[in-house]
Chemist: 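Below you'll find the structure I mean.
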Protein chains: 2
Amino acid sequence: MTQRRMRLLTVETILDAALVCIDESGQLTMTELAKKLGTTASSVYHHLDGRAAIIEALRERVLSAVELPLMDSSSWDVQIRSWMHSFRHAMAQHPNLIPLAMEQTITAGRALVGYDRIAGLLQAAGVAPKYVIVWLSVLECYALGSALDLAAPDEAWRVGREDLPTLSNALELASRGRQRADEAFELGVDALLLGLRTRLEMHR
Amino acid sequence: MTQRRMRLLTVETILDAALVCIDESGQLTMTELAKKLGTTASSVYHHLDGRAAIIEALRERVLSAVELPLMDSSSWDVQIRSWMHSFRHAMAQHPNLIPLAMEQTITAGRALVGYDRIAGLLQAAGVAPKYVIVWLSVLECYALGSALDLAAPDEAWRVGREDLPTLSNALELASRGRQRADEAFELGVDALLLGLRTRLEMHR
DNA sequence: ACCTGAACACCGTTCAAGT
DNA sequence: ACCTGAACACCGTTCAAGT
């Protein structure tokens, strides 16, 4: 009966609540977070070192859902493709987190293992060693831009100007919202890898 | 002699100062901006409707430096390529602005004319009408991701872990900082366009 | 060890009062 | 019309005081 009073907060519960805040409102304020936890903002500081640390931890959590490229027998472009998909799928679970996570640094610690394997795949595919990082950057830029695209409001693609007939017409025929973003991601990854493959074959 | 007192502020001078703030510190606070202008924060509100409006105006200003795709006789991929370069070059002048401009909306009003022409080029190249917007999204995602790459600190690509030999070795051989970002952008654009061209030829 | 309320420095923005 | 100082609501963070 005289059970010790339960801990109100845990790193886990705080991160859970913070992610809910971000998913719901796209923002993260310490007061809103505290309210959702039923405490005050200052309590949070006993478990995590401020707002920046919370966002950092959430980015790690989301990135940890990215599957490592499998070391199986499939070809290098299939493996890279599936890794890009896994990356974007993880990001797509919490699109509102993406702009917040951008504020700090871009490349993460935990993702490095994945990067190492991708570097190996690129090298095995025939990319010259001094260009492996450059190609890794290319893939990262596209993955990042596509992730941001997930967070963008679809209204951005509304035109309503009659002096831009080609664009207006194309928008009529196009898919919208998430589906457009998904199709674009797919197409872009394939084009990047096809471009890389074609270039490698040309230089052989 | 009895010259009317000069106006202290203009929309132009405010935007100039704001851009200096952002270039210098990567931030934009109204008080810092006011100090740089030699006035108080509240004065600014007589000319521009708050911080968000300032960033919006700056984004328009930077985007207005993007050259429209020329309607000349060069092939579609050369034209698209030069437009992508112009876009990124404009962004590269003020990399610190990019994350701030992301906070609001992504696609801009003024850029729409450029988008219309790119849509025309894609269609002329043989892209099916319902996929024109999707391809436009692909190009935008990559341009955006590459722009963000410009704002990222280079330390992000420092590893120092011996359990990741491929990545560490690749980093040794790679170029760094701005040069790496430039090379990556170049390579990615070419790969995307080469991929698109190859795909179009396959489906012909 | 964990939680709390009050306090602090700093935001963006508004507004009545000046010229 | 343009500028200003004071005020307001709201941030993130710190800290002495409680249990």
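Please read all numbers here as calculations on a predicted model, not as lab measurements.
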Chemist: Under 4.0 Å, heavy atom to any atom of DNA chain C: which of residues 25-43 of chain A qualify?
Modeler: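 Residues of residues 25-43 of chain A under 4.0 Å from DNA chain C: A:T39, A:T40, A:S42, A:S43.
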Chemist: Under a 4.0 Å N-O cut-off, is there an ion pair linking A:E56 with A:R51?
Modeler: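 No.
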Chemist: Less than 4.0 angstrom from a charged side-chain N to a carboxylate O is my criterion; do A:E32 and A:K35 meet it?
Modeler: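 Salt bridge absent between A:E32 and A:K35.
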Chemist: Both atom distances under 3.5 Å, Watson-Crick or G-U wobble: I'd like the secondary structure of DNA chain C as a dot-bracket string, with | for pairs made across strands.
Modeler: ||.|||||...|||||.||
Chemist: Give a yes or no on whether a salt bridge exists between B:D16 and B:R61, defined as a side-chain N under 4.0 angstrom from a carboxylate O.
Modeler: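 Salt bridge flag = yes for B:R61 with B:D16.
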Chemist: Would one find a side-chain N or O of B:H47 under 4.0 angstrom from OP1 or OP2 of D:dA1?
Modeler: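 Answer is no, no contact under 4.0 Å.
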Chemist: With A:N96, which residues qualify under side chain to side chain donor-acceptor pair (under 3.5 Å), at least two apart?
Modeler: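 A:N96 satisfies side chain to side chain donor-acceptor pair (under 3.5 Å) with no residue once adjacent residues are dropped.
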Chemist: In whole angstroms, how far is the C1' atom of D:dC3 from the OH atom of B:Y45?
Modeler: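 Value for this atom pair: 15 Å.
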Chemist: Any side-chain donor-acceptor pair under 3.5 Å between B:Y115 and B:E140?
Modeler: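 Yes, because at least one side-chain N or O of B:Y115 sits under 3.5 Å from a partner of the opposite role on B:E140.
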Chemist: Should the side chain of B:H46 and the base of D:dC3 be counted as holding a donor-acceptor pair, with the cut-off at 3.5 Å?
Modeler: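 A donor-acceptor contact between them is present.
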Chemist: Could you tell me if the side chain of A:L144 sits less than 4.5 Å from the side chain of A:M102, heavy atoms only?
Modeler: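 In contact.
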Chemist: Would you kindly give the CG-to-P distance between A:L100 and D:dG12, to the nearest whole Å?
Modeler: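 Rounded to the whole Å, the gap is 11 Å.
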Chemist: What distance separates A:M91 CE from A:S146 OG, expressed to the nearest 0.5 Å?
Modeler: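 Output value for this atom pair is 10.5 Å.
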Chemist: Could you state the atom-to-atom distance from CG of A:L8 to C1' of C:dA1 in whole Å?
Modeler: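 Rounded to whole Å, this separation is 13 Å.
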Chemist: In terms of side-chain heavy atoms, does B:T166 have a donor or acceptor partner in A:Q123 at a distance below 3.5 Å?
Modeler: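 No pair is found: no donor N or O on one side chain lies under 3.5 Å from an acceptor on the other.
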